[in-house]
Amino acid sequence: DLRTVSLYLSFINTTNYCLFEEDMFLKAAKNIGIQNPPDKSDFGRFQKISQSLYKVISKNTELINAYSSSSHSDLIQDDSLYIVYDFYELASANVI
């Protein structure tokens with residue numbers, strides 16, 4: 001399934017691939033106003049959105065520093081898309 005593929009890709013190349021969980025992403029997309037979000041049939045578009053979002057997030061040095069000093073920072077590279085996955089998780093719960 002696509003979640004397994006995205007998990008594998010995100011582990012071997014954290015700077016280019018974000019973990020894909022369709023339900024969570026679709027809720028996050030709705031909550032942050034992404035119109036016509038991609039579903040699992042358009043994994044490439046999902047990755048492009050994730051990479052674009054990372055470019056926006058990475059410009060906020062205060063946020064990056066706080067995220068880097070989090071309890072799991074020893075597991076995460078600085079230029080990793082894991083921060084985008086965490087953003088989707090928060091946005092899907094409507095915390096953002």
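It should be emphasised that the depicted structure is a prediction, and the values quoted were computed from it without experimental measurement. Heavy-atom basis, side chains included; hydrogens, waters and symmetry copies ignored.
- Judged by distance alone, the side chains of T15 and N13 do bring a donor and an acceptor atom under 3.5 Å apart.
- Considering only heavy atoms from C-beta on, S50 stays 4.5 Å or farther from Y85 through its side chain.
- Taking CD from E62 and CD1 from I64, the interatomic distance works out to 11.5 Å, rounded to the nearest 0.5 Å.
- In terms of heavy-atom proximity, A29 sits nearest to P37 at CB-CB, 3.7 Å.
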Kindly indicate, with the supporting measurements, whether the criterion side-chain contact (heavy atoms from CB on, under 4.5 Å) is fulfilled by K40 and F20. CA-CA 8 Å; K40 63 183 172 187; F20 181 72; 3.7 Å; yes
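- Of the inter-residue distances, the one linking L19 atom CG with T14 atom OG1 reads 12.5 Å to the nearest 0.5 angstrom.
- Taking CD of Q35 as the start and NZ of K30 as the end, the distance is 13.0 Å to the nearest 0.5 Å.
- Hydrophobic clustering (ILVMFWY, side-chain heavy atoms < 4.5 Å, transitive): Y82 and V56 are in distinct clusters.
- With no hydrogens or angles considered, no side-chain donor-acceptor pair links Y54 and S80 at under 3.5 Å.
- The shortest side-chain heavy-atom distance between Q51 and N16 falls under the 4.5 Å cut-off.
- Annotation: the span from L90 atom CG to N31 atom CG amounts to 11.0 Å, rounded to 0.5 Å.
- Looking at S10 and L81, their side chains never come closer than 4.5 Å, going by heavy atoms from C-beta outward.
- With rounding to the nearest 0.5 angstrom, the CG atom of L53 is 9.5 Å from the OG atom of S58.
- Of all heavy-atom pairs spanning I32 and A91, the tightest one is CG2-CB, 3.9 Å.
- Between Y17 and F43, the ring-plane angle classifies as parallel under the 30° and 60° cut-offs.
- Residues V84 and F11 share a single hydrophobic cluster, defined by chaining ILVMFWY side chains whose heavy atoms lie under 4.5 Å apart.
- Qualifying side-chain hydrogen bond (donor to acceptor under 3.5 Å, both in side chains) partners for E89, counting only residues two or more places apart in sequence or in other chains: none.
- Ring-plane geometry between F46 and Y88 is classed as tilted, the angle between the planes lying from 30 to 60 degrees on a 0 to 90 degree scale.
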